[in-house]
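Heads up: the structure comes next, in structure tokens.
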Amino acid sequence: MSESLRYGLVGCGGFGRFCLGQYRSLEDVELVAVTDVSSSLAEQVANDFDLEQAGSAEELIARPDIDLIHLATPPGTHYGLAFAALSAGKHVLCEKPLTLNVEEAADLIELARNKGLVLAVNLIMRYNPLNQVVRSLAAGEVLGKAIFASLINLAQDEVLPPSHWFWDPGRSGGIFIEHGVHFFDLFEWWFGPGRVVSAGQVLRPGTDIVDQVHCAARYGDMTLGTFYHGFHQMLRQDRQDWELVFEKGVIRMTGWVPTYLEADVFLTRAELDELIALVPGCEVRIVDEYEGELRKVSSRHLSRTVDVHAILTCKPPVTKEELYGKMLRELLSDQINAVRSPSHQRLVTESNGITSLAYAVEAQAMADHDSSANPTVPNHVP
Ligand SMILES: NC(=O)c1ccc[n+]([C@@H]2O[C@H](COP(=O)([O-])OP(=O)(O)OC[C@H]3O[C@@H](n4cnc5c(N)ncnc54)[C@H](O)[C@@H]3O)[C@@H](O)[C@H]2O)c1
């Protein structure tokens with residue numbers, strides 16, 4: 001392999017183009033060529049980024065001057081393309097989800113491992129510094145144990161016309177698989193192994209489009225997580241709210257790529273200092289201070305001591321796009337380090353690709369079962 005890792009892109013749609021814009025600034029990546037089933041789109045992107053155009057995915061994969069193939073095509077194509085690329089001895093960066101089902105994902109993982117190749121899934125959430133703060137809070141003791149976490153994802157559908165592949169479960173896998181995997185991966189990273197306990201979905205009236213899904217998952221012996229994804233908003237109304245309840249306070253974040261974190265906490269002074277050290281660059285506001293008997297409180301039938309009610313806020317000085325781009329670059333650099341040194345420990349591996357998919361597949365199966373077993377039967381008793 002040459003000094004830089006030589007990169008080829010399959011799929012020049014919205015996300016492939018965004019990734020090219022990010023990866024071109026990476027010193028250890030040499031962007032070589034692109035392809036798309038739409039040759040006019042591939043030509044345009046090749047021209048815009050001063051790259052070569054391959055006539056097809058097969059042609060790109062066969063090129064000896066490419067080390068890594070990035071698949072930014074719809075989910076239903078991932079298995080076949082990744083299988084072909086790995087078989088040809090290429091490392092693969094696959095967009096999420098890895099595949100549409102767990103069996104195919106396992107197949108790809110086995111192939112990559114047998115051939116000693118890196119198979120990466122672009123599950124970027126772990127590279128967000130705010131998500132990393134939550135990870136250290138969930139792993140540590142300063143806020144006590146995590147009790148409940150919820151994600152409410154009110155997503156835009158303004159750029160998703162009815163004919164878009166996103167709405168076709170045969171091509172996308174459905175919302176849990178196409179999009180939910182990001183969040184299943186993150187919750188498991190925060191809270192440890194879990195399982196989906198219930199799920200449901202809603203059809204847009206008068207259509208066969210599922211535009212709302214929800215599910216609950218349980219992690220360990222006490223943490224409950226809930227996920228709501230609704231794709232029904234105007235672009236300008238797209239918003240996501242996170243609420244993570246710990247024994248000693250609540251973390252709130254906003255944005256599907258969170259760019260704002262707030263910790264509303266009740267702590268001793270020593271715990272507050274510890275928390276401040278874990279949230280780099282945060283602003284601290286003391287809401288209340290307690291003296292004497294008022295310091296003694298209890299919750300969950302446990303006594304504790306509280307000196308302060310404080311609100312910490314953290315807003316990295318970057319836009320969502322800048323942070324998103326940084327997360328993408330960090331994930332690819334992490335995977336390249338694993339190409340160079342097989343002992344390198346990656347933050348995201350192919351195992352996370354299959355595990356996040358397993359949650360999504362389970363949630364989709366439960367939602368399908370619920371829809372067929374209970375076709376909109378109201379509980380109302382006259
Ligand atoms: N990691 C992330 O944060 C993130 C964000 C957005 C999208 N994605 C993923 O990226 C992928 C693409 O999403 P998008 O929004 O760019 O879709 P898109 O429809 O805009 O682009 C997909 C492109 O792939 C091309 N294509 C389809 N089949 C092909 C084939 N067999 N060979 C060559 N080209 C083919 C299409 O012509 C299209 O140009 C999806 O898997 C999506 O889930 C990931």
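Predicted model only: the values in this text are computed from it and were never measured. Both counts, for ligands and for their atoms, begin at 1 and track the order of listing.
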For ligand 1, what is the set of protein residues having any non-hydrogen atom at a distance below 4.0 Å?
V10, G11, G13, G14, F15, D36, V37, L41, A72, T73, P74, P75, T77, H78, E95, K96, N122, I124, W165, E178, H182, W256, Y324
Please confirm whether the backbone N or O of S4 pairs with a side-chain atom of D28, one donor and one acceptor, at under 3.5 Å?
no
Here's a test for you: under salt bridge (Lys or Arg N to Asp or Glu O under 4.0 Å), which of K248, K296, R295, R269 qualifies with D307?
R295
Under the criterion side-chain contact (heavy atoms from CB on, under 4.5 Å), I'd like the reasoning laid out for T35 against L9: C-alpha separation, chi angles, the key distance, then a yes or no.
CA-CA 6 Å; T35 191; L9 172 69; over 6 Å; no
Is the positively charged end of R126 above the ring of W190, judged by distance under 6.0 angstrom from the centroid and angle within 45° of the axis?
no
Considering all heavy atoms, the nearest L108-T99 contact:
CD1-CG2, 3.6 Å
Could you tell me which residues satisfy salt bridge (charged side-chain N to carboxylate O under 4.0 Å, His left out) with E58, sequence neighbours excluded, listed by chain and number?
none
